[in-house]
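Note that ligands are numbered from 1 as they come in the structure, with each ligand's atoms numbered from 1 the same way. As the structure is a computational prediction, the values presented were derived from the model and not from experiment.
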Amino acid sequence: MAEAAGGRPGRPVVWVNCAASLDGRLAYAEGVRARLSSPEDLVRVQRMRASSDGILVGVGTVVKDDPSLRVHWELLGEPPGRTPARIVLDSHGRTPATARVLDGSAPTIVATAAGCARTFPAHVRVVAAGRSRVDLNELFPRLYGLGIHQLMVEGGAEVIADVLRSGLFDRLTVYYAPVVIGGTTAPPVAAGPESRNDGDAVPLRLTGLERMGEGHVATYEPRRASSDRDR
Ligand SMILES: NC(=O)c1ccc[n+]([C@@H]2O[C@H](COP(=O)([O-])OP(=O)(O)OC[C@H]3O[C@@H](n4cnc5c(N)ncnc54)[C@H](OP(=O)(O)O)[C@@H]3O)[C@@H](O)[C@H]2O)c1
């Protein structure tokens, strides 16, 4: 991930990555996990994880999928290397006690909002950032201060929406699987508040398109300047 462009002083370089159906869904109805990545994409994702200092998800993903957020070195055909921190956005301490991210097998950071009374195992670092909900503008500089300079955001829909809308990202990659999920309750790539006009939408610039096994990966960067919009 070292090649990710952009970044801002005082916050990590942030790379958002997800796998979606052709109609832009991250999972099946009601958020039931869908294994959308092709084998080639799984390797690409592990490569991204391996070159990150931290891998971030929302508590919704922890509850639905119970991911390990570990680097699967066996998929890379390499001996185990550095271990990125696992970071969960969990304002009110909803992470199940049995969640794999709390198993102590890798450094874990839980970001909470002020006043969260939940206690976590001693090996978990708790970072309070935000009043009623985790505030990314507070959290990302704190993560940077903890040595997380390359941050991979893996989802889910609410977290991706907040990261994109806050503008605190440098690159978005979406693996599109050749499948249509449809329906009304399957989570989209980005959820969160409604967009009512151009001002609410997040303009992006396509910077790469690559076949990845049966699907393809599209890479986008934020349109940072108004002149960018006119290109
Ligand atoms: N295909 C893929 O690549 C992929 C990857 C990951 C997940 N998924 C899917 O995504 C779905 C989960 O997505 P989701 O939208 O339900 O959950 P999510 O985005 O993983 O987590 C959302 C929760 O995170 C907490 N949160 C704390 N601070 C936040 C902030 N600043 N912005 C946004 N959220 C914040 C909120 O709970 P509190 O208010 O309690 O803090 C919020 O409800 C699952 O179906 C999973 O399978 C798919």
Side-chain angles (χ1 to χ4, degrees), residues 11 14-38 41-42 44-46 48-49 52 55-70 86-96 99-101 109-118 120 126-143 151-169 172-181 183-194 202 212 215-218:
R11 73 151 170 90
V14 175
W15 191 339
V16 181
N17 181 77
C18 64
S21 61
L22 269 189
D23 53 329
R25 310 306 181 98
L26 294 180
Y28 292 120
E30 315 286 354
V32 171
R33 185 177 202 169
R35 294 183 188 278
L36 295 164
S37 285
S38 64
D41 190 55
L42 286 176
R44 182 189 66 86
V45 171
Q46 294 308 314
M48 282 180 70
R49 284 187 176 185
S52 300
I55 305 165
L56 183 151
V57 297
V59 64
T61 295
V62 172
V63 169
K64 285 284 185 194
D65 297 356
D66 192 19
S68 72
L69 300 186
R70 301 213 51 190
R86 312 182 283 195
I87 303 159
V88 181
L89 302 191
D90 183 10
S91 313
H92 310 293
R94 294 196 286 128
T95 299
R100 292 205 286 172
V101 290
I109 297 170
V110 177
T112 63
C116 173
R118 165 80 184 273
F120 289 93
V126 178
V127 175
R131 289 188 178 187
S132 56
R133 194 182 221 195
V134 177
D135 182 342
L136 301 180
N137 281 290
E138 277 187 43
L139 178 65
F140 282 6
R142 300 274 297 280
L143 294 178
L151 177 64
M152 180 176 176
V153 173
E154 288 205 12
E158 279 192 62
V159 166
I160 291 177
D162 199 29
V163 172
L164 296 185
R165 286 188 169 132
S166 65
L168 297 171
F169 73 105
L172 164 69
T173 44
V174 183
Y175 170 80
Y176 288 101
V179 62
V180 171
I181 289 181
T184 56
T185 65
V189 166
E194 303 293 344
V202 181
M212 192 65 58
H216 67 276
V217 174

key: Polar contact flag for Asp135 and ligand 1 (N/O pairs, less than 3.5 Å)   = no
inquiry  = Applying a heavy-atom cut-off of 4.0 Å, say which part of Asp65 lies close to ligand 1: side chain, backbone, both or neither.
reply    = side chain
inquiry  = With a 3.5 Å distance limit and no angle check, can you tell me whether His216 reaches the backbone of Pro178 through a side-chain donor-acceptor pair?
reply    = no
query = What protein heavy atom sits nearest atom 37 (O) of ligand 1, and how far off is it?
reply = Arg94 NH2, 3.1 Å
request  = Could you list which atoms of ligand 1 come closer than 4.0 Å to a heavy atom of Leu26?
outcome  = 1 (N), 2 (C), 48 (C)
query = Out of Ala157, Ala186, Ser166, whose heavy atom is nearest to atom 14 (P) of ligand 1?
reply = Ala157
request  = Go through ligand 1 atom by atom and flag the ones less than 4.0 Å from a non-hydrogen atom of Ala27.
outcome  = 45 (O), 47 (O)
ask   = Short question: side chain of Arg86, backbone of Val101 - any donor-acceptor pair under 3.5 Å?
value = yes
note = Checking heavy atoms under 4.0 Å, the part of Asp90 that sits near ligand 1 is backbone
note = If you scan protein heavy atoms around atom 2 (C) of ligand 1, the nearest is Ala19 O, 3.5 Å
remark   = ligand 1 atoms nearer than 4.0 angstrom to some heavy atom of Val59 are 21 (O), 23 (C), 24 (O), 25 (C), 37 (O)
ask   = Side chain of Ser37, backbone of Asp41: donor and acceptor closer than 3.5 Å?
value = no
query = Which heavy atom in Pro67 sits nearest to a heavy atom in Thr61, and how many Å separate them?
reply = CD-O, 3.6 Å
query = In the protein, what heavy atom is nearest to atom 31 (N) of ligand 1, and what distance, to one decimal place, separates them?
reply = Asp162 OD2, 2.7 Å
request  = Kindly give the heavy-atom pair with the smallest separation between Gly215 and Tyr175, and that separation in Å.
outcome  = N-OH, 3.1 Å
query = Quick one: does Val57 get an N or O within less than 3.5 Å of an N or O on ligand 1?
reply = no
task = Output the list of atoms in ligand 1 that are nearer than 4.0 Å to some heavy atom of Gly31, sorted by atom number.
result = 44 (C), 45 (O), 47 (O)
query = Within a strict 4.5 Å, meaning less than it, do heavy atoms of the Arg33 and Lys64 side chains meet?
reply = no
The one among Gly60, Pro188, Ala190 that brings a heavy atom closest to atom 16 (O) of ligand 1 = Gly60
remark   = In this structure, atom 15 (O) of ligand 1 is nearest to the protein heavy atom Glu158 N, 2.9 Å
request  = Kindly indicate whether the side chain of Leu151, heavy atoms from C-beta on, has any atom under 4.5 Å from the side chain of Arg11.
outcome  = no
request  = Please say whether Val159 places an N or O atom under 3.5 Å from an N or O atom belonging to ligand 1.
outcome  = yes
request  = Could you check atom 25 (C) of ligand 1 against the protein and tell me its nearest heavy-atom contact, residue, atom and distance included?
outcome  = Leu89 O, 3.6 Å
inquiry  = Give me the nearest non-hydrogen protein atom to atom 18 (P) of ligand 1 as residue plus atom name, then the distance to 0.1 Å.
reply    = Gly156 N, 3.4 Å
Thr185 (side chain) donor-acceptor with Glu30 (main chain) under 3.5 angstrom = yes
ask   = What distance separates Arg142 CZ from Ile109 CD1, expressed to the nearest 0.5 Å?
value = 10.0 Å
ask   = For atom 28 (N) of ligand 1, what's the nearest protein heavy atom and its distance?
value = Val134 CB, 3.4 Å
Neighbour count above 12 (heavy atom, 6.0 Å) for Arg131 CZ = no
request  = Below 4.0 angstrom from a heavy atom of Cys18, which ligand 1 atoms are there? Numbered from 1 as shown, please.
outcome  = 3 (O)
Side-chain heavy atoms of Phe120 within contact of Asp90, under 4.5 Å = yes
inquiry  = Within the structure provided, determine whether Leu136 and Leu89 are in side-chain contact (heavy-atom separation under 4.5 Å).
reply    = yes
ask   = Does the N or O separation between Thr61 and ligand 1 drop below 3.5 Å for any pair?
value = yes
query = How close do Ser38 and Met212 get, heavy atom to heavy atom, and via which atoms?
reply = OG-O, 3.1 Å
remark   = CD1 (Ile87) and CD (Glu154) are apart, to the nearest 0.5 Å, by 11.0 Å
query = Looking only at heavy atoms, which two atoms of Asn17 and Arg44 are closest? And how far apart?
reply = OD1-NH2, 2.9 Å
key: Leu136, any N or O under 3.5 Å of ligand 1 N or O   = no
key: Glu154: numbered ligand 1 atoms lying under 4.0 Å from its heavy atoms   = 5 (C), 6 (C)
query = Which of the listed options, Arg25, Arg133, Arg35, holds the heavy atom that is closest to atom 42 (C) of ligand 1?
reply = Arg133
key: Any Asp65 side-chain heavy atom under 4.5 Å of Val57 side chain   = no
inquiry  = Can you name the atoms of ligand 1, numbered from 1 with element, that are less than 4.0 Å from a heavy atom of Gly58?
reply    = 18 (P), 20 (O), 21 (O), 24 (O)
task = Determine whether the side chain, the backbone, both or neither of Ser91 has a heavy atom under 4.0 Å from any heavy atom of ligand 1.
result = both
query = Within the structure, does Arg33 bring an N/O atom to less than 3.5 angstrom of an N/O atom in ligand 1?
reply = no
query = Which of the atoms of ligand 1 are close to Pro187, meaning less than 4.0 Å from one of its heavy atoms?
reply = 45 (O)
